[in-house]
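Since the structure comes first, as structure tokens, the remarks are kept for the end.
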Amino acid sequence: MSVQRRMLVHQPFFATARCRPDKVALICDGRRHSYAQMAAGIERLAALLTARGVKRGDRVALFL
């Protein structure tokens, strides 16, 4: 019997950020953002949400 492991949506992103931090992850309005820059921003947002009481399993809506 094989054990299935679920891959979460953020795992491939952070794997790339670790292996190729300087690779361009996003181009927006002509500005290039590396995986390292994006990962740092994501981690800051996660810290902010945690500081405001958001816990694992809570739902968060983003308005972009």
Inset, instruction - Find the distance between OG1 (T50) and CZ (R56) and round it off to the nearest 0.5 Å. - result: 10.0 Å
Legend entry - Nearest-0.5 Å distance that lies between atom CG in D29 and atom CZ in R31: 8.5 Å
Inset, instruction - Evaluate the side-chain proximity of M38 to F13: yes if any heavy-atom separation is below 4.5 Å, no if none is. - result: yes
Legend entry - Q37 side-chain N/O to S34 backbone N/O, donor-acceptor pair under 3.5 Å: yes
Legend entry - Single-linkage hydrophobic cluster L45~F14, side-chain heavy atoms < 4.5 angstrom: no
Legend entry - Verify same cluster id: L62, V9 (apolar side-chain graph, 4.5 Å): no
Inset, instruction - Go through Y35 and V24 one step at a time and tell me if the side-chain contact (heavy atoms from CB on, under 4.5 Å) criterion holds. - result: CA-CA 6 Å; Y35 275 89; V24 174; over 6 Å; no
